[in-house]
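The chains referred to below are lettered A, B, ... by the order of the sequence lines, with proteins before strands, and numbering in each begins at 1.
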Amino acid sequence: MFNRWSLMPAVAALIIFIQTTGTFAQPVNVEAAKKEGKIVVYGSVVPQAMEGLHQAFKKKYGMRAGSVTGAGSFIPPYTPPDENGQTDNATPFWMVGASGVELEVDTETGKVRLMRLVNVADVGTPINPRVVETQLSGAAIMQLGFSLFEKMLFDAEGQLRNASLAEYKIPGFLDVPEIIVNEAVVAEQRNGPFGGKGVGETATFGVSPAIANAIHDAVGVRLTELPMNPEAVFMAMQKK
Amino acid sequence: MRRAVAFRLNGEPVEAQVAPHETLVEVLQGAFGLYGARESCGQGLCGCCTVLVNGTAVSGCLYLAVLAENSDVQTVESGEQPDAVQEAFVERSAFQCGFCTPGFVLMTRQLLDEYPDPDDDTIRHYLSGNLCRCAAYPEIIEAVKLAAQKRRKK
């Protein structure tokens, strides 16, 4: 596994940064971390670089901390698809998320109101739990906009007709469900840094199907297109 | 056809040469290098350009700079930096990209002046004119409540 990481100066810099700022009471043990398969640093850049680094920070920033930037590359394992278009090794990790909603449908207007939205996701080990939660909640609310009202309208010439926030509504404070719960399940991504993997869009997957299922449960219509705006819900109910 | 417009900016008396069509955001950025208020929708719908004129929040993208003559203009850069509201937004990570944050901070200051201990509903309605594309709304509610606590302690 280790040799897959061809060069990781960014991770090395991160370790140096943590040690230098003293954020952790215990210095990061690179060898132990390697054995655990969490952090992989090629070469022995860390011990040598440590010596002058305190001084370098002090000189540049006037204190023992500052921003470290670096560039690195990670070439993930990959197996090309076979003649049937199948491969068991297409991506270094899969994102897994799920959502549940509780909603009300106004049967006179077709308007859907969410009372509760619960999102869970496998993000590997949450490295910064607060940021993970913000990412999950932000992604879910953005998807809520795509699910319920965001729609780009084009005219016959292909010109966008609603290119402004007056006509293309995005979720505002009053669109957010009263109760929103976001949680990362306990997990570890063994080939990711510190056991983590990407968060970004993980909370978007489940939102639209959860809303569609809940609408079906509430008023018995099955919507298969987005957005599920009042017009779409109302028309579907009329056809029933 | 520029003319001199004098007003108070974050407590200091200032003067700028302003063209009649220039908005307050353009003048704050161009003449004073203040980039806290920034234009997003340009229609007064998103709250990113919020500026306080004589203590009232206005959309800086629609407010003509000449109208600010002799008034008291406050931007997110005014006062103690960071203030209780800014600290609370940082502590609660109430943003992702941060583009909308100055508008939210100014509206929150005004909200807490009016309602020192706001409930969720008051916060939602008061801030409903500010949009956050990263949808950090739940965190913003937490941040506003934390800011209210911090202000009461001070």
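Proximity to chain A (any heavy atom under 4.5 Å) is shown, for Y126(B), by neither the backbone nor the side chain. Only the side chain of E142(B) comes within contact range of chain A, with at least one heavy atom under 4.5 Å from a heavy atom of that chain. Residue contact with chain A, scored on non-hydrogen atoms closer than 4.5 Å, involves the side chain of L131(B) exclusively. Heavy atoms closer than 4.5 Å to chain B are found in the side chain of I180(A), but not in its backbone.
Under the 3.5 Å distance criterion, the side-chain polar atoms of R124(B) are left unmatched by any main-chain donor or acceptor of D175(A).
More than 12 heavy atoms of other residues, nucleotides or ligands lie within 6.0 Å of CD in Q81(B), so this atom counts as buried by the packing criterion. Residue E183(A) places its CD atom among 12 or fewer non-hydrogen atoms of other residues, nucleotides or ligands, all under 6.0 Å distant. By the 6.0 Å contact criterion, CD on E231(A) is open, its count of non-hydrogen atoms from other residues, nucleotides or ligands being 12 or less. Counted within 6.0 Å of NZ on K111(A), heavy atoms from surrounding residues, nucleotides or ligands total 12 or fewer; the atom is thus considered open. Within 6.0 Å of atom CD in E114(B), more than 12 heavy atoms from other residues, nucleotides or ligands are found, so the atom counts as buried in its surroundings.
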Test log, rule side chain to side chain contact (heavy atoms under 4.5 Å, CB included), inputs N130(B) and F173(A): CA-CA 8 Å; N130(B) 291 66; F173(A) 245 115; 6.0 Å; no

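Within residues 40-62 of chain B, the residues that have a heavy atom under 4.5 Å from a heavy atom of chain A are C41(B), Q43(B), L45(B), C46(B), listed by number. Annotation: residues 114-145 of chain A contacts chain B through R130(A), E133(A), T134(A), Q135(A), S137(A), G138(A), I141(A), M142(A) [non-hydrogen atoms, separation under 4.5 Å].
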